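Inspection log for the structure reproduced underneath, given as structure tokens.
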Amino acid sequence: MRFDDITEAIGNTPLVRIDPAVHGLRNIDLYAKMELLNPFGSVKDRAAWSMVRPMLAGAAERGDTVVELSSGNTAKALALIAGMHGLPFRSVTNRMKVPEIKDLLLLLGAEIDELPGQSECLDPTDTDDPLTRMYRRLTESGGGFVHTDQYFNELNVEAHLNGTGPEIVKDLDGNAPDYFIACVGTAGSSTGVARALRQHDPDTRVIGLVSAKNDFIPGIRTIDEVHEVGLFDPGVYDTVEPVSADEAIDGLLTLVRRCGMLAGPTGGGAYQGAVRFLRTVDASLTERRSAVFIICDRVESYLSYLRERRPALFGQPARPHSVGSLSPAEVAAAPVVAVEAAEAYARDALVIDLRSPYAYQALHIDGSINIVDEAFGEMLAAGLPFSRRQPVLLVCPVGEKSASYAALLQKMGHPAVHSLAGGVIAWRDADLPLVRD
Amino acid sequence: MLPLTPRIAPITRSVLDEGELLEQLVEGFGSPVNVVLPQSAGANVARFLDVYRRRRLRGRIHFAHKANRSSALLRQLSTTDAGVDVSSLEELQHALSSGFPPDRILATGPKDRAFLWLAAQTGVTVAVDSLAEISDIPGRNAKIMIRLSGFVSHGVQMVSRRSRFGIRVGDLDTALDLIDGRAELVGLAYHLDTVAVAEKAVAFEGALAALDKCRARGLRPWTLDIGGGYGVNYLADGAQWERYTSALAQAVLGNRPPMTWNGHGYGLRAENGTLRGSLTVYPAHRGAAGADYLDQLLDTPAPGQRRPLGDLLLDHMYDLDVEPGRALLDQCGLVLTRVVEVRRQDGDLLVRVDANARDVSTEEHGVLMDPVLLGKDEGEGDNDGEGEERGAYLLGNLCLESDLITRRQVRLPRTPRTGDLLVFVNTAGYFMDFVATTAVRRPVTPMVALYRRDGRWRWCLDENYWPEGAP
Ligand SMILES: Cc1ncc(COP(=O)(O)O)c(C=O)c1O
Ligand SMILES: Cc1ncc(COP(=O)(O)O)c(C=O)c1O
């Protein structure tokens, strides 16, 4: 395979069978469409390229900015394509909840606009919601924007009607699968694939998966939000079912740990939703059936999402030297210096200020050094960062964190460590000097 | 008919149980009657104080007076640790006469010279709203804060609504030049009209940076005032709220019968079978409201420094001032109305009450919740067979087509009868007098304070309520 342009690598992803020992279905062959293997990392590469390609020449001529409402994969693909053509890209969103994706987009050179929340003192005469205002700005001609409009753009569907769908049929030796299961974001992939499959076999059953109302799976819509999607046509799906974040993560873990597939949460959701649905039909089947689901993207961008929901997955054995390992009694017994005695004590001690760098720089005790508490905790995990003969005074805002660290240092065998009672706030209240360098 | 059952705290419940007393009040004063429950406010202050205590924060909780004009509420609050945020000359006079010492009063909003004069004269701290105001402050000893707006975000651009208030952060240096020696800068302030924590985090961090700028100029402001907007949870059941909003969207799309007067969409509309616009109603069921919302905000990492905002505040040794209005009046009042007409029209049940949408302004503020119908729950009345729950449209008493108490079809436990009392609960924050009108020569709605003394409920006119006991 030799290409002149990375966009030529979009599409033609493999269809891989899931080991029946993993899914446990007796009469159904289950396949994963590996959209995560697209060059920019997701199923959205196809839609992004299909939508933006016809706009590129004009946009380059006028110097327009490419704009899309996206909080993830579409933005990523468009940012890369825009970059290849020397165009700026801006993503507008109110749902950018995964910090890694934010950072990645900024790294790729995208600008990100985050829409405001609802007003607390509601003004109902202001029907002009920010999203509507944004749409109006984007569609003004000569406004300097080209808007790919993924939630309404038929080219999003066509990318899958002409690509993803026929590829699946080809890989199943010219047959459409009996069941097709996909998560619904813009509905582009599920609609396009469903149309292609039904051209071969009108009886193909299509199951759309959305997240439950108060749940969040990055990349797909909730059961309410799908109705805001222009491309969403309920007639495409035999059923639309909710899948929970919990199920999505269970599915993700199965794919990652047992199938060698680095699936993200929606891939996991599609797998789990597929197995949940297929189990209900499996028992009554008398002949072999086939089913296909989509793995949309990769797991690496979702580590913080996973850590937040399943901290145990990242569980590490308790650190030997951590404040978390102290008992309340040990903290209460931490050696402290009262403010009245602190100025004298500080003269001969190493004074460590545990507050944030900006706060330290703004005002601090003269001669103190700044190690922010988190970093200090990391250092202690590896052992004492100063000699036992060195007297130390720990300072934090109110004397709580410093007391914990003093107790820890004492436990680690440091004989001359103290915490400033009441912290730097008590020091200030006693009118003791604070400096700014 | 999908219900939106209001959250009713025990104190509100025990008032609703006093049917006879409420009946006498409406009989005596005429419908509607505003009822405030001053003894309920202290618990809300205590919840905020608890957040302060747990986080070792210092600073003042200023009640935003604008949320209710009541004297009883203000006098009761003056007996707590709360201060008061006043936004007019009259509110300032009211606060002074309700027992607040000047050091627990903060003057906010745009101010005229009279307001500035009385504030400076009494030693009340002034949060200046514009550059011009700084020059207008009389004397040289006033304590001031600067209200900032227009904070800029870095990396991800936070698109906030434009604010007409405050001094742009970019103009901070100009403001500090103007102050130079004319007043003492005690802190910086902002207030953002949004429920979004992420937006507030941008402002919070921006204000910390601005405070640092003040320090760099040798000033020593020690207070960050982050304004109001902590919200109230109005509904008893989040699942009802979710079911209702989902169904409303379906009704707008035409997939189910209308649930609102003339199919009003509350900001939603259908275009070619797709839902457009966005739901412009108050998020009546909220995960975290009031003091819990403040707690959540303080746990939020600063977008730039990625350290929790509460930690940064302590790191910098700043006091935190807040100005909650609505949140401090949670469960502090209700509006009593009389049903004056019940009829059927085109299959709908129409219930007219002797009050208008300005008297019970939940609709104006986008808060959707069912009223409470007093009296027996059995389906007596103009019985149409089953004694079951039913939907009704609530009409107001003005000669305006638009005068509906709410355009939402509400759920009632039975068909009301003329003469019944319909009670709107949890209305003390903004829904009583903020937009009330004397159109068609309607009198100003009377306000009474209900309070418990010696084991029973008593009442008096709002202006005659004085808290019990020595301070
Ligand atoms: C991670 C992820 N999964 C699933 C989808 C859903 O794909 P579609 O937009 O084609 O419905 C998207 C796209 O928004 C996505 O980003
Ligand atoms: C400056 C200021 N502070 C406080 C408030 C009170 O807001 P809330 O009642 O939402 O807490 C307002 C409300 O408009 C305000 O403008």
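Excluded from the calculations below are hydrogen atoms, water molecules and symmetry mates; all remaining heavy atoms, backbone and side chain alike, are included. Quick caveat, the model's predicted, so the values are computed rather than measured. Just so it is clear: chains get the letters A, B, ... in the order the sequence lines come, proteins before strands, and each one is counted from 1.
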*Could you go through the side chain to side chain contact (heavy atoms under 4.5 Å, CB included) check for R58(B) and D429(A) one step at a time?*
CA-CA 12 Å; R58(B) 285 200 241 163; D429(A) 290 350; 2.4 Å; yes

_Closest heavy-atom pair and its distance - K401(A), D311(B)_ = NZ-OD2, 3.4 Å

_Proximal component of R55(B), with respect to chain A [non-hydrogen, under 4.5 Å]_ = neither

*Output all residues satisfying side chain to side chain contact (heavy atoms under 4.5 Å, CB included) with R256(B), sequence neighbours left out; order by chain, then residue number.*
L2(B), A247(B), Q250(B), A251(B), M259(B)

*Measure distances from E111(A) to the heavy atoms of chain B and classify the residue's part below 4.5 Å as side chain, backbone, both or neither.*
neither

*asked:* Measuring from atom CD1 of I425(A) to atom CG of L57(B), what distance do you get when rounded to the nearest 0.5 angstrom?
replied: 8.5 Å

*For D103(A), is it the side chain, the backbone, both, or neither that has a heavy atom closer than 4.5 Å to a heavy atom of chain B?*
side chain

*Segment of L192(B) engaging chain A (4.5 angstrom heavy-atom cut-off)*: neither

*Residue T245(B) versus chain A: region with a heavy atom under 4.5 Å*: both

*Take atom OH in Y358(A); do more than 12 heavy atoms of anything else shown fall under 6.0 Å from it?*
no

*More than 12 foreign heavy atoms under 6.0 Å from CG of D366(A): is that the case here?*
no

*Give a yes or no on this: more than 12 heavy atoms of other residues, nucleotides or ligands lie within 6.0 Å of atom CZ of R54(B).*
yes

*What are the two closest non-hydrogen atoms of L312(B) and S356(A), and how far apart are they?*
CD2-OG, 3.4 Å

*Euclidean distance, E374(A) CD relative to R306(B) CZ, rounded to 0.5 Å*: 12.0 Å

*Could you tell me which non-hydrogen atom of K213(A) sits nearest to which non-hydrogen atom of W241(B), and how far apart they are?*
NZ-O, 4.3 Å

_Per-residue contact mode, L231(A) against chain B (heavy atom under 4.5 angstrom)_ = neither

_Using every non-hydrogen atom in the two residues, find where D373(A) and R307(B) come nearest and quote the distance to one decimal._
OD1-NH1, 2.8 Å

*Measure A209(B) against the heavy atoms of chain A and call it side chain, backbone, both or neither at under 4.5 Å.*
neither

*Answer with side chain, backbone, both or neither: which region of L434(A) has an atom nearer than 4.5 Å to a non-hydrogen atom of chain B?*
side chain

*Where does E242(B) contact chain A at under 4.5 Å (heavy atoms): side chain, backbone, both or neither?*
both

_Best-contacting candidate, P283(B), G229(B), S246(B), against chain A by heavy atom pairs under 4.5 angstrom_ = S246(B)

*asked:* Using heavy-atom distances under 4.5 Å, tell me whether R56(B) contacts chain A through its side chain, its backbone, both, or neither.
replied: both

_If I measure from the heavy atoms of chain A, does R215(B) come under 4.5 Å with its side chain, its backbone, both, or neither?_
both

*Is chain B contacted by the side chain of V424(A), its backbone, both, or neither, given a heavy-atom distance below 4.5 Å?*
both

*Looking at F152(A), is R276(B) sitting on its ring face, NZ or CZ under 6.0 Å from the six-membered ring centre and within 45 degrees of the normal?*
yes

_Separation of H316(B) NE2 from Q361(A) CD (nearest 0.5 Å)_ = 9.0 Å

*Look only at the side chain of D315(B) and the backbone of A359(A), and say whether a donor-acceptor pair between them is shorter than 3.5 Å.*
no

_Which atoms of L253(B) approach chain A - backbone, side chain, both or neither, heavy atom under 4.5 Å_ = side chain

_Please classify the contact of Y430(B) with chain A as side chain, backbone, both or neither, using a heavy-atom distance under 4.5 Å._
side chain

*Which atoms of V226(A) come close to chain B, meaning under 4.5 Å heavy atom to heavy atom: side chain ones, backbone ones, both, or neither?*
neither

*Using the salt bridge (charged side-chain N to carboxylate O under 4.0 Å, His left out) rule, take R436(A) and D212(B) through it: C-alpha gap first, then chi angles, then the decisive distance, then the call.*
CA-CA 11 Å; R436(A) 183 186 174 96; D212(B) 195 40; 3.2 Å; yes

